[in-house]
Amino acid sequence: MYALCDANSMYASCEKIFDPAIRDKPVVVLTNNDGCICAACHIAKRLGVGKKFIPYFQVKDDLEKAGAVIRSSNYELYADISQRMMDTCSRFAPNSHIYSIDEIFHNYDGWEPPEGWFQHARAIRRAVWTEVRLPIGVGVGPTPTLAKAANHASKRIAGYRGVAVIDNEQTRQHILQNMELTDIWGIGSRLAQRLQGLNIYTPWQLAHANPSLIRKQFSVLVESTVYELQGVVKLTWDDVKAPKKEIYSTRSFGQRILEKNLLCQALIQHAGIAAAKLRRQNSLACVAVIFATNSPHDAQGYYRKSITHRFAIPTQDTTVIANICRQAVEQIFRKGVSFYRCGVGLIDLCDKAMFQQDFFTQFTDNSNLMACMDAINMRYGRNTVHVASQGFQQKFAMRREFLSPQYTTRLSDIPRIQC
DNA sequence: TCTGGGGTCCTAGGACCC
DNA sequence: TCTGGGGTCCTAGGACCC
């Protein structure tokens, strides 16, 4: 059996933990640069002002009318709360995999809790609430896709109240009949539209579709989804935990960038973030993609330029990738373009342990330096040490107008209780 | 006044080579 | 004269997820 634990409106719930004054109010959290809505608590959703990824300025008036509390993304806080949630959840299963900042998969693989699945799931939910004050939903099922579906049910289908277990036919039918196609993991709006063309309107109907026909009309992935909905495991634990094949770090700027050296600094910063992620999964990159664009909404037209660089020797060294950024910016930068977004992608990844070193090529090995940098940044926070060429003044730092304190990660922000 | 997230995977199509 | 194959690499964009 598999379980999926998923926080309820993670970011909005994190904001409420340390701020009792907003617990009964509609709370909405914005993305980077306060661009879009990315999370809304259930009160905001009920008032109809929590639509995900809608630009903030378009709904600003509605939010004000609803009396909503607006918050900028406070990643320092969310990352810390996330870690507490994961620590608590992972105590309950022999194998876990953190799937995103607010989701963790459990793999029980032959083991069954003596108290039964429902009680077990309830215990996880209760522990996270008691220890972290974060509301979560727990879904249990015989496949990862059904565990995801059960998790959806635990929050959205009446009667489940945070815990749903698919361990019999009636429950599987009831849950799959009461969900939308797009609620299923791997089915987005386009696939749902095409499925409806084949008279498949609900996940229950999808579970009864002919797998080979689905494979022919769509892809192996959709075929796997059909099997998974039937209860046949197609996503193995290795699939769920597979290392990434590409790693990107990209961001839009708080202010448009018009200078080449600032663009270069931003790119090098992304090189550092992407390379650190790469080292964390113990991979090497054969290719780097370095790009920058203006805003697609820009009146002067869309400008996008990307440079692909193939490394002579696969690397995970920040300084090597930073050097490529320095060269690439000469080709990417164009005078007069107001740059809005840039990033670095590392693709064509291979496992470091499998890499064969070339006997004849000489190269400097910075792996000790990188390991030291990672260790310091892990201990004292990201960006404590970095390559100097990414700059020290963040002129392109993102806008975070409605930022809450870093309650748990900064000494000066620790909550005080006055007696 | 102006404002529009970030990440991963996959594929189509063009350029280029043999 | 015109047409023909197959591979690799790069680029752009679509689809999906949170």
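The model shown is predicted, which means the values in this text are computed figures rather than measured ones. Just so it is clear: chains get the letters A, B, ... in the order the sequence lines come, proteins before strands, and each one is counted from 1.
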- Query: Around atom OH of A:Y380, are there more than 12 heavy atoms of other residues, nucleotides or ligands at under 6.0 Å?
  - Reply: no

- Query: Whole-Å distance between B:dT3 P and A:F53 CZ?
  - Reply: 21 Å

- Starting at CD1 of A:I54 and ending at C1' of B:dG5, how long is that distance when rounded to a whole Å? 14 Å

- Message: Are A:F311 and A:H309, when compared by the centres of their aromatic rings, separated by less than 6.0 Å?
- Response: yes

- Task: With a 4.0 Å heavy-atom cut-off, tell me which residues in residues 216-249 of chain A come close to DNA chain B, sorted by residue number.
- Result: A:K244, A:K245, A:E246, A:I247, A:Y248, A:S249

- Give the nucleotide from the list B:dG6, B:dG7, C:dC17 with an atom nearest to the side chain of A:N32. B:dG6

- Between B:dG4, B:dG5, C:dA12, which nucleotide has the shortest distance from any of its atoms to the side chain of A:R399? B:dG4

- Message: Taking only side-chain N and O atoms of A:R251, does any of them lie within less than 4.0 angstrom of OP1 or OP2 on B:dG7?
- Response: yes

- Query: Heavy atoms under 4.0 Å, any strand shown: does A:L346 hit a base, just sugar-phosphate, or nothing?
  - Reply: nothing

- Message: Taking the minimum atom-to-atom distance to the side chain of A:W185, which one of C:dC17, B:dT3, B:dG6 wins?
- Response: C:dC17

- Item | Check: A:H386 ring centroid to A:F392 ring centroid under 6.0 Å | yes

- Query: Is any side-chain nitrogen or oxygen of A:Y340 closer than 4.0 Å to OP1 or OP2 of B:dT3?
  - Reply: no

- Counting N and O atoms only, with roles assigned by atom type, does the side chain of A:D413 sit under 3.5 Å from a partner on the main chain of A:Y407, one being a donor and the other an acceptor? no

- Task: For the pair A:S249 (side chain) and A:A274 (backbone), establish whether a donor and an acceptor sit closer than 3.5 Å, ignoring hydrogens and angles.
- Result: no

- Name the closest nucleotide to the A:S306 side chain, picking from C:dA12, B:dG5, C:dC16. C:dA12

- Find the distance A:E180:CD to C:dC16:C1' and express it as a whole number of Å. 17 Å

- Query: Side-chain N or O of A:R310 less than 4.0 angstrom from OP1 or OP2 on C:dT8?
  - Reply: no

- Taking atom P of B:dG6 as reference, at what distance in whole Å does atom OH of A:Y56 sit? 18 Å

- Task: Please report, rounded to the nearest Å, how far the C1' atom of B:dG4 is from the NZ atom of A:K51.
- Result: 14 Å

- Item | Donor-acceptor pair, side chain of A:R23 and main chain of A:I17, under 3.5 angstrom | yes

- So what does A:D34 hit on the nucleic acid, given a heavy-atom distance under 4.0 Å: a base, only sugar-phosphate, or nothing? nothing

- Task: In whole angstrom, give me the gap between the C1' atoms of C:dG4 and B:dC17.
- Result: 16 Å

- Item | Those residues that, when tested against A:C38, pass side chain to side chain contact (heavy atoms under 4.5 Å, CB included) (two or more places apart) | A:Y11, A:V29, A:T31, A:F53, A:S73

- Message: Expressed as a whole number of angstroms, how long is the span from A:E103:CD to B:dG7:P?
- Response: 17 Å

- Item | Bend angle of the helix from B:dG5-C:dC18 to B:dC18-C:dG5, from helix axes over five pairs at each end, nearest 10° | 10°

- Item | A:R341 vs B:dG6: side-chain N/O to OP1/OP2 distance below 4.0 Å | yes

- Message: Would the distance check show the side chain of A:N366 and the main-chain N or O of A:L369 forming a donor-acceptor pair, the cut-off being under 3.5 Å?
- Response: no

- In whole angstrom, what separates A:Q300's CD from B:dC2's C1'? 15 Å

- Query: Under 6.0 Å between ring centres, would you say that holds for A:Y2 and A:W185?
  - Reply: no

- Item | Upstream residue (5' side of DNA chain B) when A:T250 and A:S295 are each assigned their closest nucleotide | A:S295

- Message: How many whole angstroms separate atom CD of A:E401 from atom C1' of B:dT1?
- Response: 13 Å

- Message: Just to be sure I understand the rule, does A:G345 reach a base, reach only the sugar-phosphate, or reach nothing, if contact means heavy atoms closer than 4.0 Å?
- Response: nothing

- Message: Under 4.0 Å, counting only non-hydrogen atoms across every strand here, what does A:C36 touch: a base, just sugar-phosphate, or nothing?
- Response: sugar-phosphate

- Task: For A:R256, report the nucleic acid contact type (base, sugar-phosphate, nothing); a contact means any heavy atom under 4.0 Å.
- Result: sugar-phosphate

- Kindly state whether the ring of A:Y108 and the ring of A:W237 have centres lying under 6.0 angstrom apart. no

- Item | Listed nucleotide nearest any side-chain atom of A:L191, set C:dC16, B:dG4, C:dC10 | C:dC16

- Query: Will you find, in the side chains of A:S404 and A:D19, an N or O donor that is under 3.5 Å from an N or O acceptor?
  - Reply: no

- Query: Under 4.0 Å: is that the gap between some side-chain N or O of A:R190 and OP1 or OP2 of B:dC10?
  - Reply: no

- Query: Should A:K277 be listed as having a side-chain N or O under 4.0 Å from OP1 or OP2 of B:dG7?
  - Reply: yes

- Have a look at A:S189 and say if it touches a base, only the backbone sugar-phosphate, or nothing, with a 4.0 Å heavy-atom cut-off. sugar-phosphate

